[in-house]
Amino acid sequence: MKPVYYNLLSEDGKARRGELHTQHGVIQTPAFMPVGTAATVKSLTPEDLEAMGAGIILGNAYHLFIRPGHKLIEELGGLHKFMGWNGAILTDSGGFQVMSLSDLRKVTPEGVEFSSHLDGSRQFISPEVSMEIQRSLGSDIVMAFDECVKHPATFEEVKKSLVITTDWERRSRAVKLKEHQGLFGILQGGMYPELRAAHFEQLKDIDFEGWAIGGLSVGEPPALMYEVLDTTVPLLPSGKVRYLMGVGTPEDLVEAVFRGVDIFDCVMPTRNARNGTLFTSTGKLHIKNAKFARDDSPLDAACGCYTCRKFSRAYLRHLYISSEILASRLNTIHNLHFYLNLMKQIREAIAARKFAEFRSSFYASYAKTKESNDLEKP
């Protein structure tokens with residue numbers, strides 16, 4: 001048995017209920033991975049994450065390579081020990097971060113030369129270097145090194161990029177990892193279904209432990225992303241976990257599960273929490289709004305998280321307006337609880353073969369205040 005593998009338990013339409021097995025635990029899917037870019041989910045402790053039911057988090061090879069360094073983390077016992085996290089960890093290969101540094105990078109068939117965002121020093125990452133970084137970190141799931149193309153991109157630009165990405169992913173597979181690690185391939189192809197299909201044909205003989213869909217949520221409208229998923233997800237083998245990278249909104253999660261995706265990650269719940277935007281069962285809420293100054297009600301009456309059990313909207317607004325550190329912590333606890341509880345509800349609905357009903361009820365509830373809150377002024 002491979003160290004990382006997926007068991008499909010049940011299906012409801014295209015929606016899937018399953019288990020992702022790793023050395024650091026079994027993750028119930030569909031699942032959302034909180035993002036711990038620099039070996040921390042900002043403002044939270046590992047105990048916080050465990051309490052809210054997170055079984056897996058994401059770390060980033062690029063950022064940990066730049067600071068404090070993957071070799072240092074390995075000397076200190078690996079990423080799990082370094083950050084005090086007993087659950088599973090998936091590490092992003094750094095390809096997306098390199099894309100975001102487009103003004104500072106030079107892509108060649110060998111790899112990417114770029115300037116550090118910290119001190120401007122010249123750095124180089126190739127598939128082999130990315131695998132070395134992730135091997136040293138000791139994550140459970142290692143992502144193949146790829147090139148993520150920005151949107152919009154022409155057909156020829158994406159096609160050219162796929163030549164490099166295919167070679168990089170094959171070179172990633174050729175590197176020996178630690179015994180407990182599994183490697184996920186990344187399917188690229190931009191917004192072009194024919195290129196997505198062609199890329200899968202080029203990669204399908206590589207025995208990846210799982211498959212990721214990359215190159216989405218890069219600026220395209222949601223409707224286009226869903227169209228790409230409609231044609232892309234059916235390409236992937238049913239016996240392997242399917243990971244949609246960097247997505248997304250609560251609506252995106254529901255729609256991607258509807259199309260057969262299993263796991264997700266996104267900075268949206270944590271970043272929005274620090275910016276005062278909170279997700280509730282009836283839509284988004286901007287806690288800085290003046291109308292909450294005397295609101296003694298909980299943030300979300302339907303939520304059982306620590307923040308909602310203990311504190312009022314008025315207090316949360318006061319903390320945020322006052323720039324108190326506790327605002328980031330309480331807001332993050334709530335937003336991640338909301339995301340993880342949403343995934344739990346999705347799993348239960350699929351198991352009961354009632355996902356279609358859940359999807360309808362989610363939109364009926366979540367849309368109630370979304371538009372009005374989005375239009376509110378501080």
Side-chain angles (χ1 to χ4, degrees), residues 31-60 63-64 67-68 79-80 82-87 89 118 248-250 253 264-345 366 369-370 372-378:
F32 179 81
M33 297 182 287
V35 175
T37 300
T40 174
V41 177
K42 287 181 172 55
S43 81
L44 301 188
T45 67
E47 287 78 10
D48 294 327
L49 295 167
E50 291 169 6
M52 62 180 69
I56 182 170
I57 62 173
L58 181 143
N60 185 264
H63 287 281
L64 296 173
R67 183 174 59 189
L79 187 54
H80 292 87
F82 184 62
M83 63 183 297
W85 171 248
N86 296 322
I89 299 176
L118 293 181
T249 66
L253 302 185
F264 306 86
D265 81 279
C266 190
V267 298
M268 186 166 289
T270 48
R271 181 176 291 169
N272 276 352
R274 299 192 302 276
N275 293 330
T277 298
L278 304 173
F279 297 93
T280 76
S281 56
T282 57
K284 287 194 299 185
L285 179 152
H286 304 299
I287 198 63
K288 65 184 177 182
N289 287 349
K291 72 175 187 176
F292 298 127
R294 291 177 173 80
D295 191 338
D296 196 38
S297 62
L299 178 59
D300 184 353
C303 180
C305 80
Y306 174 75
T307 301
C308 290
R309 294 197 317 269
K310 298 287 289 185
F311 305 104
S312 68
R313 293 177 175 185
Y315 182 63
L316 296 174
R317 180 181 185 274
H318 159 70
L319 292 177
Y320 184 79
I321 294 297
S322 303
S323 300
E324 287 290 341
I325 294 173
L326 186 57
S328 291
R329 178 164 165 74
L330 294 180
N331 291 350
T332 302
I333 286 173
H334 169 76
N335 271 2
L336 274 183
H337 182 278
F338 175 85
Y339 266 62
L340 293 168
N341 189 58
L342 174 62
M343 303 314 292
K344 179 182 178 182
Q345 292 174 327
Y366 192 73
T369 60
K370 180 177 183 297
S372 60
N373 274 325
D374 282 348
L375 296 174
E376 286 174 351
K377 303 297 183 184

Note to self: Could you walk me through whether His334 and Cys308 satisfy the side-chain contact (heavy atoms from CB on, under 4.5 Å) test, starting with their C-alpha distance in whole Å, then the side-chain angles of each, then the deciding distance to 0.1 Å, before giving a yes or no?
What the structure shows: CA-CA 7 Å; His334 169 76; Cys308 290; 3.4 Å; yes
Could you tell me whether the side chain of [Y] reaches within less than 4.5 Å of the side chain of [X], counting heavy atoms only?
X	Y	value
Pro34	Leu49	yes
Arg271	Val35	no
Ile333	Leu44	yes
Thr270	Lys42	no
Phe32	Leu253	yes

What is the distance from atom [atom1] of [X] to atom [atom2] of [Y], rounded to the nearest 0.5 Å?
X	Y	atom1	atom2	result
Leu79	Ile89	CG	CD1	4.0 Å
Glu324	Arg329	CD	CZ	14.5 Å
Leu278	Leu330	CG	CG	10.0 Å
His286	Asn272	NE2	CG	8.5 Å
Trp85	Thr40	CH2	OG1	11.5 Å
Ile321	Phe292	CD1	CZ	11.5 Å

Any sub-3.5 Å donor-acceptor pair from [X]'s side-chain atoms to [Y]'s backbone N or O?
X	Y	answer
Asp295	Lys291	no
Arg313	Ser297	no
Asn331	Ser328	no

For residues 335-342, please give each side-chain donor-acceptor pair under 3.5 Å, one per line with the distance, not counting sequence neighbours.
| unit_1 | atom_1 | unit_2 | atom_2 | d |
| --- | --- | --- | --- | --- |
| Asn335 | OD1 | Phe279 | N | 3.0 |
| Asn335 | ND2 | Pro269 | O | 2.9 |
| Asn335 | ND2 | Thr277 | O | 3.1 |
| Tyr339 | OH | Gly248 | O | 2.9 |

Margin query: Could you check whether Ser281 and Asp300, counting side-chain N and O atoms only, form a donor-acceptor pair closer than 3.5 Å?
Written below: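 Per modelled atom types, Asp300 and Ser281 side chains form a pair under 3.5 Å.
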Note to self: Strictly by salt bridge (Lys or Arg N to Asp or Glu O under 4.0 Å), give each pair with a member in residues 334-344 just once, sequence neighbours left out.
What the structure shows: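 Every pair satisfying salt bridge (Lys or Arg N to Asp or Glu O under 4.0 Å) with a residue in residues 334-344: there are none.
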Note to self: Checking Asn289 against Arg317 for the side-chain contact (heavy atoms from CB on, under 4.5 Å) test, could you report, in this order, the C-alpha distance in whole Å, the side-chain angles of both residues, the deciding distance, and whether it holds?
What the structure shows: CA-CA 8 Å; Asn289 287 349; Arg317 180 181 185 274; 5.7 Å; no
Note to self: Tell me the closest heavy-atom pair linking Pro68 and Phe82, and the distance in Å.
What the structure shows: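 Where Pro68 meets Phe82 most closely, the heavy atoms are CG-CZ, 4.1 Å.
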Notebook entry, point to check: How would you list, by chain and number, every residue that makes a ring-ring contact (aromatic ring centres under 6.0 Å, His included) with Phe311, sequence neighbours excluded?
Noted result: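 Result, ring-ring contact (aromatic ring centres under 6.0 Å, His included) vs Phe311: Tyr306, Tyr315.
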